[in-house]
Amino acid sequence: MSSIRFDAVSKSFGAGQVKALDDVDLAIADKEFLAIVGPSGCGKTTCLRLAAGFEFPTSGRVLVGNAEVREPGPDRAVVFQQFALFPWKTVVENIELGLRNRNMPREERRIRVMEAVELIGLNGYEGAYPHQLSGGMQQRVAIARAYVLDPQVLLMDEPFGALDAQTRVVMQEELVRLARRNPRTVLFITHGVEEAVYLADRVAIMTRRPGRLKEIVDVKSIREAEGWERYSRIEDVMDLESFVHLRTHIWRSLREEKTGAAH
Amino acid sequence: MSSIRFDAVSKSFGAGQVKALDDVDLAIADKEFLAIVGPSGCGKTTCLRLAAGFEFPTSGRVLVGNAEVREPGPDRAVVFQQFALFPWKTVVENIELGLRNRNMPREERRIRVMEAVELIGLNGYEGAYPHQLSGGMQQRVAIARAYVLDPQVLLMDEPFGALDAQTRVVMQEELVRLARRNPRTVLFITHGVEEAVYLADRVAIMTRRPGRLKEIVDVKSIREAEGWERYSRIEDVMDLESFVHLRTHIWRSLREEKTGAAH
Amino acid sequence: MTGALDPARRMVLGLAGLVGFFGLWALVAASGLVGNAFLPGPLEVAERLVTLLHTSFAGGTLPQHLASSLQRFSAGYLLAAAVGVPLGLLMGRFRLLDDIVSPLFDALRFIAPIAWVPFAALWFGTGFGGPVLIIFSGAFPPCLLNAYRGARQVDPRYIEAAEMLGTPTHRLILEVLLPAATPSIVAGLRIGAGLGWQSLVGAELIVASTGVGYMMVQAQSGVATATVMVGMAAIGLVGVLIDIALRALEARIHNRLERA
Amino acid sequence: MPLGRRSAIGVTTLGLLVLAWFLATGANGLISPGRFPTPADTWTAGLQAMVRGYGDATLVVHVLQSLKLVALGFVVSVAVGVPLGLLMGTSATAEAVLNPVFMLLRPIPPLAWIPLAILWFGLGDTAKIMVIFFAAFVPSVINTQAGVRSIERPLIEAARMLGTPHGRFIREVVVPGAAPMIFTGLRLSLQASWTTLVAAELVGALAGLGHLLNLAQQDLYPGMILVGMICVAIFGALTTALLGLVERRTLTWVRIKGDTE
Amino acid sequence: APARAEGLTKISISYQPSLYWALPFYIAAEKGWWKEVGLDATFVTFPAGAPQVAAAQAGSWDVGGTGSVPAVLGAARFGLVTVGITNDESKTNALMTRADKVAALQKDPSALKGQKLLLTTNSTADYAARNCLAKWGLKSSDMQFVNLGQAQIISAAMANNSDVVGVWAPYTYTLEEKAGAKVLCSGADAGAIVPGALVVRPAFAKEHPDLVAKVAAVYLRAWGWAKAHPKEAHAMTKAFYAVGGVEASDSAIDQEFALRPTFALTEQLRLMDRAKGPSALDGWLGRIGAFMAEVGTIPAAPEAKSYVDDSFMRMVAADPKLKAFATEFDTTN
Ligand SMILES: Nc1ncnc2c1ncn2[C@@H]1O[C@H](COP(=O)(O)OP(=O)(O)OP(=O)(O)O)[C@@H](O)[C@H]1O
Ligand SMILES: Nc1ncnc2c1ncn2[C@@H]1O[C@H](COP(=O)(O)OP(=O)(O)OP(=O)(O)O)[C@@H](O)[C@H]1O
Ligand SMILES: [Mg+2]
Ligand SMILES: [Mg+2]
């Protein structure tokens, strides 16, 4: 059991001047893929950091599994927007750090890491340093670093935000493949509405700051009903009317949020 | 007359090891809005920098108007991806620097700057420093700084790349409004296919490095035939079948480029 | 800002600068505007330098003086690095330690290394301890400060990534903070080497039996200005060499850690 | 971060240190008073310096003289160092010509300049300022140059694209762009001015904290040495704080205050 | 190379380089006399008295020679013991100025009023200078005392040779030869006796009085030898000064021998004899102590009896073998 639950969570920064989250209630089921979209600064990253244990709620509770989150840990692997690979470690060293921290024996570790390298298609790059890889390759290493821990929960904060459009598409397709082969509970933050609809089972829309939940859109039922899985290419899915419809719905909902902003 | 012409332009960097552009022929008509899309590293930025006069071709010629480009100048205003506002100058000071460099009298300058501030809707922020503005507001100032010069040519390198998705949409709509009111010759670089289709008269697709022109897609005729101008909101335009069709066409063309890449 | 120059041109211009400098010096010295005791010409200094390579002055030849200076320098410098870098890293990781050490450090850094001369003599005498303390007090602050800054400025994402991977503290310091702060640490080691080397002359005020600083003081009292300037040149040259060595190290580390 | 906690711990630490000092140098403490002064010795020495004077002047005179010397040395260093840094930062040619000479002169310690300073300028303030100058102008040059180099290329290109003439480019783009680093350089120059004071006042000073320290050293007077050190620390910190104030006033447009030295 | 013979006792000896009174340490080393009394002597040198005395506190050396001012300073601060007189340097602690100004100033010293006086304050030169001013009826506040190290004084005098400076030998000769300066007034002229002191770290004096006596014997022997062999001594002095970085001329060395009386065993005992009240040395050092208290270097002059100790010289005299060793070259005995 590895659900995530936000229980009436509020979060303020800097002696209460900045209220980032206001009374958020949200439950992500075991093995569910939930994406959060919302205006910039609405508190998406804050949600993720609460679940990761980098921050703690001002009031309310965040539960993973059935335990309250008290510190970061390898049961909740994070994939950061800027990859956050250690530049001084090779691909293999980056991936195996978490396993070393668990004191896994060298031989077993090697096997696990090689499996992961295989999975992300980086054979031949085991000894490369991050700066020798393209952005897409780096992000694949970051994902492998998270996956290899076999975590209950994956937390991804705009993992493809730093990639160029074409690479991003490839990564999105790969993530879908991975998620189907090996499903996890995922909390996924993004600005891309298309991305959210393409990847997630449900999409949560947040209001402007202080962030509240505005609406949760169920994608899974439509995806299954319309058989999106038939298409392996994102642009084919994106041409489907059911997809366009969902996307436009979420867009509209977000635009309402936007008009009030001082942008 | 302020056309831009690339005449069999090639460009290599670092003693010829890196060939960025290979024999590019491209003509942008007076008051035309041309967008370039292409894989990362294909030489889009290089094209723009050649037109701006920051770099010079290894072979071939770049002409603006009918003169060869020899140095940067206020007749070819550039809008940079990272805004490149002077952090130590206020909104007004940033906008008026180009006019001061022309020795325009103070009074006339004031009027022109105020018009520009009005145009971008930043009244009340005249004395603010860039860091006090949101990303979208900063990019508007950068655009005003370029517009106020009344340049023959506008060169924009992923001007909205650093903005979040919602803000970007607002800026795209504003740019369209601006371009209709006050048409310019524009060279616009982007990774976003939707953006290119929404904004440009023609979209040029480039091959992977060394960059060549692969295809030029005419958007204007379709836009006018289908009457996209009726809609002021981008998501309405993006739902139109003619739009989706064009976009998917360009997507496919780019994906072919991508598959060969080591990403 | 005007773009990089190609290496050959750079070299020529650099040589031109040096020639100009020495030429001006020679001209002023030869003009007779200042007496020879005040400013001997570069040739005379060079000649003196060659002489001092094999003849003894103030108890040793120039290489001997340099050797004993360098020996003292390395001891004080290595000590400063060995204490400063780990302490700086720990301060970067543990707030409390930072809060305790910083105020002391802020107060002490305005005090010149040579101001420690009397205490150095009273505490450690003149054998090895005294001068080492003085060089230490010159080299220590940049070593500490840069390690500390480097550790503080480590992108928090790296630390968060490590925490998320369940990394224990000792491994976090050794495998995350240390490599991430390395460029800053090396820069600190470079500055520290410069300051430590500069403090040496102060150190050699109390250990007067050998060393370039001692040689200079003795030459000064004998109005052997050329010898004084040989001392300056030797100190300058060795300083440049130390700096070049550390710069090479810096460049190598930068290459290795260069990010995409 | 809560400044209160930090200063509270700082004060506590200093307090504990004084206490440790009392105990260590006390009647049956670890350190004999010949090696390190007791708090009482220091107090007596401080009183003596303030009231009766030491080294032919009272402490106030020493402090004022040193402040004057540091100020002059600092101003001269900055007046030479910043323009030189700007020149070396903006012109690759100037940098190539000047850098080797600069590299060669830089490692020569201020103390080594004393003989030449005396020979060239005698015993007046000029010689002392020269000694300070040689230590203090280096950080100004290096940081200014680095500051110019650190200006982002798009800003420079934006200025060129706007047709900015050279003089205005230096004044309105290069100088403000390099300003944060220039201030770092100034802070280091100021610190160098203070740490060179003792050396500078070896040049026949009649008063000054360095003079006081030199005398106390000659007299083997640990209490007075400590008084001198404490004064240098206090006034060094005060002048740095003042410079920080100027910096904050000047760089109003800087968003994130880089952690100050 | 010093053969590290068995059974030698290590001892650390300190001095300031290129100073006349340190010559016996050098002669003895050259001649191998340290080993003859069973000592393995190592040397530490200092550019000035203050750091030398400070280093004694840290235990960096055991026995040494130094000026009388540092000797009294060390006595006042932590009981440094004076066991003998190295030499009488009253004539070589002097005020100097440009040669052509000397006669006029000697005639009318009041012309000095308001002028700068460059010297190392709280030193023997300072002591001599104040006595000179007193002799001329001037107060020390009539001149502006500028504190400089001896090396800096030389530089300053070169830059502006009309200044009046206070220096000690061999810098007096350097100034004479390189800056055309002449002695205006020496300590001797003003009736100020400036002895040099043979000193011992107090703890060492207590633990190893026998070793102190041996050092004293070696020291006396070397002076005796130097007097008996002036030519050889001259050459050795030249070499010794060169090691310290001073290129002394022949005439400078001749002057050193001429101007600086040294004392054999019997004279040492006589000068330190307290049979009829305070000894001569007590008196000289007492006056220096008073001077130092007056200028504020030390709070009060220490009692001479508390730190001048003639028991070591008497030990030399009492031990026939040691006495014979110490006085072998003496012609006066
Ligand atoms: N450590 C912090 N201290 C103070 N305020 C903070 C902190 N972290 C976040 N905030 C504020 O909380 C609000 C929510 O921030 P958060 O990063 O969660 O937004 P977001 O939805 O992730 O925005 P974006 O889409 O731009 O990444 C913002 O106003 C932000 O300024
Ligand atoms: N100054 C330079 N020196 C060397 N190589 C360069 C330089 N500028 C660009 N290049 C190389 O030229 C090629 C084209 O670069 P360019 O920046 O024009 O690509 P781009 O299409 O703008 O890419 P992106 O979409 O990532 O911005 C790249 O391989 C790049 O590495
Ligand atoms: Mg975020
Ligand atoms: Mg580009």
Side-chain angles (χ1 to χ4, degrees), chain A residues 45 48-49 51-55 69-90 93-104 128-139 141-142 144-149 151 153-157 162-163, chain C residues 85-86 88-90 92-96 99 146-190 246 248-260:
Chain A
T45 296
L48 183 131
R49 292 173 60 79
F54 296 140
E55 312 272 2
V69 172
R70 302 218 178 278
E71 55 172 3
D75 56 323
R76 281 152 289 130
V78 180
V79 178
F80 299 85
Q81 168 167 13
Q82 299 290 344
F83 322 147
L85 295 178
F86 303 111
W88 49 86
K89 287 183 185 287
T90 61
E93 287 165 358
N94 263 290
I95 297 176
E96 76 174 352
L97 179 61
L99 301 178
R100 280 171 63 216
N101 293 338
R102 273 192 203 159
N103 299 319
M104 181 181 282
Y129 285 94
H131 75 262
Q132 298 168 318
L133 307 179
S134 73
M137 289 155 94
Q138 289 183 41
Q139 191 56 298
V141 176
R145 180 173 71 176
Y147 257 86
V148 81
L149 295 171
V153 163
L154 261 179
L155 304 169
M156 305 176 110
D157 190 1
L163 304 179
Chain C
V85 171
L89 286 178
L90 288 172
R93 180 66 188 150
F94 299 107
R95 258 297 275 299
L96 184 66
D99 289 344
N146 275 50
Y148 167 68
R149 289 243 182 98
R152 284 305 291 264
Q153 285 170 2
V154 170
D155 194 323
R157 283 176 304 123
Y158 294 138
I159 295 170
E160 286 179 353
E163 280 175 351
M164 159 291 264
L165 295 169
T167 313
T169 301
H170 70 275
R171 184 170 286 159
L172 183 81
I173 289 178
L174 281 179
E175 296 191 21
V176 179
L177 287 190
L178 178 62
T182 296
S184 172
I185 290 173
V186 176
L189 290 179
R190 240 184 90 194
L246 285 171
L249 179 73
E250 193 176 19
R252 279 188 56 171
I253 288 173
H254 261 294
N255 277 346
R256 211 170 121 72
L257 296 183
E258 189 194 331
R259 274 142 239 196

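Here is the naming used below: chain letters follow the sequence lines, and residue numbers restart at 1 for every chain.
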### Trace of the side chain to side chain contact (heavy atoms under 4.5 Å, CB included) decision for C/Tyr158 with A/Trp88
CA-CA 11 Å; C/Tyr158 294 138; A/Trp88 49 86; 4.2 Å; yes
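- The most heavy-atom pairs under 4.5 Å with chain C, out of A/Arg76, A/Glu71, A/Lys89, come from A/Lys89.
- Residues satisfying the side chain to side chain donor-acceptor pair (under 3.5 Å) test with A/Arg100, not counting sequence neighbours, are C/Glu175.
- When C/Glu163, C/Arg171, C/Glu160 are compared by the number of non-hydrogen pairs under 4.5 Å with chain A, C/Glu160 comes out ahead.
- Residue A/Leu155 does not touch chain C at all, counting heavy-atom pairs closer than 4.5 Å.
- The backbone N or O of A/Thr90 sits less than 3.5 Å from a side-chain atom of A/Glu93, completing a donor-acceptor pair.
- Although no hydrogens or angles enter the test, the distance criterion places no donor-acceptor pair under 3.5 Å between the side chain of A/Gln139 and the main chain of A/Gly136.
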